[in-house]
Structures are given as structure tokens and as C-alpha cells.
S.K.: 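Once you've had a glance at the structure underneath, I'll fire off some questions.
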Amino acid sequence: MTSSSSITIYRQDYTVPPFLVDHIDLTFDLGPSVTQVKATTRLRHNPESESHDIVLYGEALELVKIVMNGKTLAKSDYATDNGELRIANVPDDVTLVVDTLIHPDQNTSLMGLYLSNGNFFTQCEAEGFRKITWYPDRPDVMATYTVTIRADKEKYPVLLSNGNLVETGDLPNNRHYAVWDDPFRKPSYLFALVAGNLVCREETFKLADGRDVLLQVWVEKNNLDKTAHAMESLKHSIRWDESRFGLELDLDRFMIVAVSDFNMGAMENKGLNIFNTRYILANPRVATDTDYANIESVVGHEYFHNWTGDRVTCRDWFQLSLKEGLTVFRDQEFSADLTGSDSGRAVKRIEDVRTLRQLQFPEDAGPMAHPVRPDAYQEINNFYTVTVYEKGAEVVRMYQTLFGRDGFRKGMDLYFSRHDGNAVTCNDFLAAMADANGRDLSQFERWYSQAGTPRVRLESHYDEKERTLTVSLSQFCPPTPGQTEKQPFLIPFAIGLLDSKGNDMPLRLKGGKDSGTSCILELSDASQTFTFVDVAEKPVISALRNFSAPVILEYEQSDDELLHLLSHDSDHFNRWEAGQRLAARRLVSLTKAVQDGQPLTLDTAFADAFRTVLSDTSLDAALRELALTLPSEMMVAERLDEIDPHAIHQARQFMRRTLAEKLEKEWRDAWDRNRTEGTYRPVPSDAGKRALKNLALSYLLALDNPVYCQMAIEQYNRADNMTDRLAALTSLVHSGCMNRHPEAKALLDDFYREFENEALVIDKWFSLQATSPHAGIETITTLMEHPAFTLKNPNRARSLIFGFCHNNMAQFHAADGSGYEFWSKNLIELDRINPQVAARLARCMDQWKRYIPSLRKPAEQALRHVSEQPLSRDTREIIEKTLSA
Ligand code: B3K
Ligand code: ZN
């Protein structure tokens, strides 16, 4: 699908739907090349609307006929324009019967009804239902559904849709059918159908109220042995939502289906969640600790949507963060609670903030910057962004930071009591939080309406005589596309004070009462001063504890202060943060030194601080691993006005190698002492040890010493789990060991052969090569020609192409522009197959205006070349915004 003219849709233009749907009856006669769809819809005029027109949406449909209240409509009875079908001046109550034909085997966009490994799947969010039939495909039209599926019995023994199975039976010609009934009103984006040759793991599970429910995880037959963890995660999710939010499963049956061809992670269709196999399949042989953790969090996320998304949904797509920000927050809290410890919670918080900074901060500072609740879009699929999701989750978290867990829960309870069964807005959520806590939150609304990452400047003064500490906070939010002036935000700013021994000091604000050892300052003006009294000595300030707001803190702390925080802060997050700031400061100067041709050096104090952390066995291994992982190249780029990818890469490599040299003995010890005992368990304590051990290995391999190469080879050969195996192989490839040792080289082939039939592992095989700093464009081109490579499968395309373009800064930005050329060629090709995935690839160039001049030119050339092609609406929107930034 290509379009040259793009229409912009504005939030302000929202109007209520002229007709509401009470019920829809869908019948599918499934065939791979032709599927017949009959939709019988009962519509009723919406008294809130002045229009009496029925507006249906459709895309790539072959319309057979429309029958309205028993009469077949002639072409002249309706108007079609740009995917809209309008029947004017319709009576108040109508029954519409729409017959269409669709062609699943030609659908490579993976939206609507499509095939994956010969089985049928649907994906309807955001606007995929219109690829199935003409319908008022908008989230504020909610209906009950009855779905009849007919198909060949042998090829498609399993027929699934939302809700409850009410009837099955045989038909002539070796066909059979199933009827599903979903009693919950839902928007069309939550519709789902699956038909094929699948098997399931199932269990009966008792809910808190004593009801028994049937839980199923459906997969292709060869994957049944990889479903246990997903099932466990589902049960944990159900329990957690009951206990933390008092929310129960409302269905008798809850199904999960895994599919290999999928545009994103998963989809929360009512009662029938569909997942990318990547977020379901796991056993120790094929999945890493990270895979296990991701599965738990995504299974949780989709399950939690049942209340925050399905029962209460969005009025329009501008409100997407209403369900996504809230549900991400819920899944983050779920994973944190499940770790069962404070340090586990901190690990989770650090990982989440790292993602936010690494991906969302750049988005907020680039051409695609948009508010958590966007004001305009051309293609809604382009707005399933880290801003809507991750920043949206931070916004939800701030309510909890302001009101505490109990206050937050009160707000949630009020939200459900007001809005259950409805399609609502972000402001409705805010109002529930405000009313439940007796607070005026009108200023807080700016978190939804203003784009950009606010900067908060901290200055402090300690008065020894008065024993007071004044803390001045000021805020500023840089302009973003379409938003030049910004109003101050309401910022919850968590703060603590450390004495010279590293202990937390008691806090008392002037004129206030004692506030423990950590308190929340509410910054609401452009600048404000807070005075702490009875401060016994000049403290070291621990600012923005636990990252209490999604802002950039500008506070010049000395190395000594940061080292003090790194060794003593009771706030785990800020201990980690102090280490990152120390490292980032040095990486920035090293980058400049590379650019200026100066010699590179690293101070002993810094190396010693890292040594202390590494050897501090009182700290969880997982926390140490996070603290000792250097800020990524992308994070360093964020701190520079002009991005010189090669200089950044060299600087970071230098720092890694130096830390490897100076701490060689400690790394060796860490590798030796963090081996896990017994059979593999994906629990946080063991996973933390493996992470630290494998970080140690990767540092040691930077030393270019054959002994360590051998050590990695042995780890690979002895490993009884994918985490250790993949870590060894990745370190061997990324360190360059692979190129020097034939024995190591053989491992890559060995790995391929062993996992040839495990698609998700082959993705890892592509991706680890694509992200290697030694993988030049020739390597990537050779991999593209590998028989296992295809652009049609999103996971495969992502593993190789995104791996290279997004996560291989050193090679992608080759001076001759070959990386950019590769990007444009593949983008154009991918766009013809799958616009949604292509539009994601288009985002690789977000930062091009900040590249050094020698790269800016070829980057612009590549962008212009793409923009001259016929493009999908998805990709066109991104390319145009990127070019015009
Ligand atoms: N709601 C889906 C995302 C749909 C993306 C459409 N382009 C998954 C999720 O956030 O849970
Ligand atoms: Zn979601």
C-alpha cells in the first residue's frame, strides 16, 4: 500500500460516533487465498451525535454486498472515499449485513487476518479490523461479539476467538466450525481469531473468589516443551492483580497463543492474547535469563490490560497512554514485586530507567518528539512509542510517588468504579486520581500535553552557623516540534542527605515536621527554594532518589561527592546513578580527546571505585553488574551536542580495556565466584550471578589474551543454559577473538547447526553478528544472503537489520556512508512488505542532524533517496518529519 498524500488527524477534531453498535455477528469461511467474511451488525443512533450518517472503515477489502434492514444497497446508496464508506441519513435502528472477501495469503503487513506457518492469525490494534470487514473501526464503539469460524478440519483443527466457546460441529467437505461468544462489550481492535494446527498446555486455576478458570497456552507442536514459564507467569499475574489491585479475571477461560510472524511483542485481545513467540517460548536450552524476565513481564502486561485497556479502554487513539502508560507501570511494579526484595526492586527500577534514558530521552529531543498524549498523527501505528509507553508509565508512577501506594490504589478504585465498560480519556484518569486524593491536579496535566524532557537544575548552600541547607530547584523544558513555549511541570523531587560517614541524615523542612530520611519536594514553579533546618554538618545531597520524575538533573557534584554516594547511598538507584555519572563524565572527555588526537588516560580514583564495587560482596551481584556496565554509546551521544560515533566508540573501548587491565584479578575472581550451582533456575539471584560472571568475561576478553579466549570457549562448551552459552559466544565475536582463533570461529557454525530448527535462537545468531563492532557492511551483506534470512519475518528482519542499524554504532556510521545506503535500500524493500516494521527502521535516522558534518551529508542523501520513492503512510510520516526537523 503506498500513498503520496498524507492526512493529518487532530485530537481536537474528535467527535462522538454517530452510530453505536450493540452486537456484531461475524462468520468466517476460512481459506488461505480467499476468506469470506459476513458481518451482521446491529446499530443504533447515538443521541449525542447530530449526524445520522453511518461511517464505516475498510482497507484492502473486496466488497460483495451490503444489506441494510433487509435491502441490498446499490452503489449509489453510499459513498466511498479514502477508506471510508458513508451511508447518509440512516434511520435510528439498523441492521447491516456486510459480505466481503479477503486474501490472507497476500497479507504481508501482518495487520488484519494473515497467515503464519500456514495458520491463521489476526492483529487488529490499532486499525486492523478494517482489513477484515467494513465497520465503525474506532475504539469508542464497543459491542458484544458472536463469532462463527468455519474451516478445513484437518488443516485447521483448532478454531479460537474471544470469549466462551458455545458450539462446535462438523460440516460437509471435511470442514468443521466453532462458535464463540464474548459477553463483554469491546472495541473492534480487541477482536481476535486464530485457526490452525496448534497444541496447548492447559491448567485449571482457582481465583481468589473460588471460581475455577481454564488457562491455556497455544503453540505449534514442536514448542510445547517451551510453555511452562509462560503458564507460570500467567498464574503469577492473575494472583498479583488480585492482591495488589483487587482486580479479578472476569472470564471462564483465558487463552494465550504464540505466533512467529508478529509486528510487535504481544496483543491483549479480550480473553485471547496473541504473542510473538519471543515472549512465550522458553526453556533453559534456548532462552536466556533476559528472555525469561521479558516473558514474565509481557505476559503480565497483556494480562493486566484486561482491566486497564479492555474493561476500560481509550476513547480515541490520542489517549493511547491511558492504557499503555498505565499498563507498563503495572507490569513494572509486578516484576519488581515478584523479585521479593528491595535490591530486586532497585535492579528493576534501574533497568527501566536505563531504557527510558536510552530510547525515550532521545525521542523527546528529536524530530518525532510528541506529548504522552499526542495532538496529531498521520499513522497511529507510528505513535506506539517509548514516549506513550515508557514516559507514560513514569507519569503514572508520579501519582504513586505523590500519593503513596494507598492513595494510588484509591485513585485506581475510583477510576474503575466510574469508568468500567467505557472508552475514556487520560483526563478521566487524572480526575479519578485527583478526586480520590482530594487534590487539584490541573498543573499535573502538563505531563500529558507538553513534549520534551524537563531539565531540573539544583543549587545548594549550606550555612554552617545556622545549620541550614537551602536547596534551589529550577526547571526548564526545551522547545520541541510544534511546541515552543512550555509551562512549568509539577515535579515530585525525592531527596536525601548523607553525612560524612555516609549515613542518612534526618530531614526537617523549615516550618515543617520531621520527614524521615527521604522526602519529596514538590517543584511546581519555574524555580523554588527549600530550606532544611537542623542540618548537623555539610551533607552530600542524594538528589532525585529512585528517579522520582522523568527529568534530566543538572547538578554539578564533585567526583568526591559522587564517590561518596557510590559507596554509601541507602538509595540503591542513586548508588548506581553516581557510578554512571562518574563514568559518563570521563567518557565525554575521552571522546573529546579522541577527536583532538590527545592521548587517552583514565584516573586511578575511578578505577579504584569500580574495583570497590566489584569486590563488595555485600551488594547483590545483579546490582554490581549494573553498576559496572558502562553507559552505552547512545547514552554518551545524548550528552554531546554533536555526535561523532567513532570517537564515542573508541573512547568507550578504551575505558573498557583499561578497566579490564586494572581490575584483571578482580574480574577473574568475579568470573570464578559467580558460577551458579545445580540445575538452571531463571530466578533473580542466579540470573544476577550469571550477569556479573558474563560481564567479567566480556571485560577479560577485551584484554586480547588467548587464555581468556580459551576460558570463553570452555564456558560455551560446558554451558547447560542459553544465557552462559550466548554470553560466551557474543563475547568471543564482539572482542574479535573469533577472528584470531579458528577454534572459536567454529563455534558460530556449531551454534547455527545445533539450533537450526529454533527460529528464536537463529535470531540471536544473526543479531550477535550484526551488533559486533567487527562486522562491517560485507559481513552484514553476506548474512543477508544466508538462506535463513528473510525480510518477511519481523523478528528475523529486526535481528539482522535493526541489530546493525540501531545497535552497531561503530559500523553503521561508516565514513563512506555505506551503512546509510544499506539502511535506505532495505527500508524501501521492507516498506513494500510491511509498512509498520519499516517505519520502525526509518527511526534509525532520528538523530542525523546532530551527526558530525562528514556524516550528515551521506545521511541526508540516504533520507532524500528514500523520500523520493513511493512509500507507505507509515514510513512517509517518519521520513518527512526526520528530514524537516
Ligand atoms: N496493545 C498492543 C500494541 C499494539 C500495537 C499496534 N501497532 C500491545 C501492548 O501494548 O500490550
Ligand atoms: Zn500494552
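Residue numbers count from 1 along this sequence. Both ligands and their constituent atoms are indexed starting at 1 by order of listing.
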S.K.: So that I know where these two stand, are Phe254 and Tyr303 an aromatic pair - ring centroids less than 6.0 Å apart?
M.R.: yes
S.K.: Please state which protein non-hydrogen atom is closest to atom 8 (C) of ligand 1 and give its distance, to 0.1 Å?
M.R.: Ala266 O, 2.9 Å
S.K.: Counting from 1, what ligand 1 atoms have a heavy atom of Glu268 closer than 4.0 Å?
M.R.: 1 (N), 2 (C), 8 (C), 9 (C), 11 (O)
S.K.: Among all protein heavy atoms, pick the one closest to atom 10 (O) of ligand 1 and tell me residue, atom and distance.
M.R.: Tyr389 OH, 2.5 Å
S.K.: Output the list of atoms in ligand 1 that are nearer than 4.0 Å to some heavy atom of Gln836, sorted by atom number.
M.R.: 7 (N)
S.K.: Check all N, O or S atoms of Glu324 and name the one closest to the Zn ion (ligand 2).
M.R.: OE1
S.K.: For a 4.5 angstrom cut-off between non-hydrogen side-chain atoms, does Trp218 reach Val194?
M.R.: no
S.K.: Apply side-chain hydrogen bond (donor to acceptor under 3.5 Å, both in side chains) to Asp291 and Thr288, showing your working.
M.R.: CA-CA 5 Å; Asp291 295 326; Thr288 62; 3.1 Å; yes
S.K.: Taking 2.8 Å as the cut-off, does Glu268 contribute an N, O or S atom near the Zn ion (ligand 2), distance below it?
M.R.: no
S.K.: Without swapping roles, check the side chain of Arg130 against the backbone of Asp137 for a donor-acceptor pair under 3.5 Å.
M.R.: yes
S.K.: Quick one: pull up CZ in Arg311 and CG in Asp420 and give me the separation to the nearest 0.5 Å.
M.R.: 4.0 Å
S.K.: Count the heavy atoms of every other residue, nucleotide or ligand shown that sit under 6.0 Å from CZ of Arg843, and state whether that count exceeds 12.
M.R.: yes
S.K.: Which of the numbered atoms in ligand 1 are under 4.0 angstrom from any heavy atom belonging to Met264?
M.R.: 4 (C), 5 (C)
S.K.: Given that the side chain starts at C-beta and the backbone is N, CA, C, O, which of these parts of Glu125 lies under 4.0 Å from ligand 1, counting heavy atoms, or is it both or neither?
M.R.: both
S.K.: Only one of Phe408, Tyr399, Phe304 forms a ring pair (Phe, Tyr, Trp, His ring centres under 6.0 Å) with Phe329, so which one is it?
M.R.: Phe408
S.K.: If the contact criterion is a heavy-atom separation under 4.0 Å, does Lys323 count as touching ligand 1?
M.R.: yes
S.K.: Is Arg315 positioned over the aromatic face of Tyr14, cation under 6.0 angstrom from the ring centre and no more than 45 degrees off axis?
M.R.: yes
S.K.: Passes ring pair (Phe, Tyr, Trp, His ring centres under 6.0 Å), Phe416 versus Trp307? Steps please.
M.R.: CA-CA 8 Å; Phe416 291 117; Trp307 278 93; 5.5 Å; yes
S.K.: Just which atoms of ligand 1 are under 4.0 Å from any heavy atom in His305?
M.R.: 9 (C), 10 (O), 11 (O)
S.K.: To the nearest 10 degrees, how large is the angle at the Zn ion (ligand 2) between His305 NE2 and His301 NE2?
M.R.: 100°
S.K.: Number the atoms of ligand 1 from 1 as they appear, then name those within less than 4.0 Å of a heavy atom of Met267, with their elements.
M.R.: 1 (N), 2 (C)
S.K.: Any N or O on His301 sitting closer than 3.5 Å to an N or O of ligand 1?
M.R.: yes
S.K.: Tell me: protein heavy atom nearest atom 7 (N) of ligand 1, and distance?
M.R.: Asn381 OD1, 2.7 Å
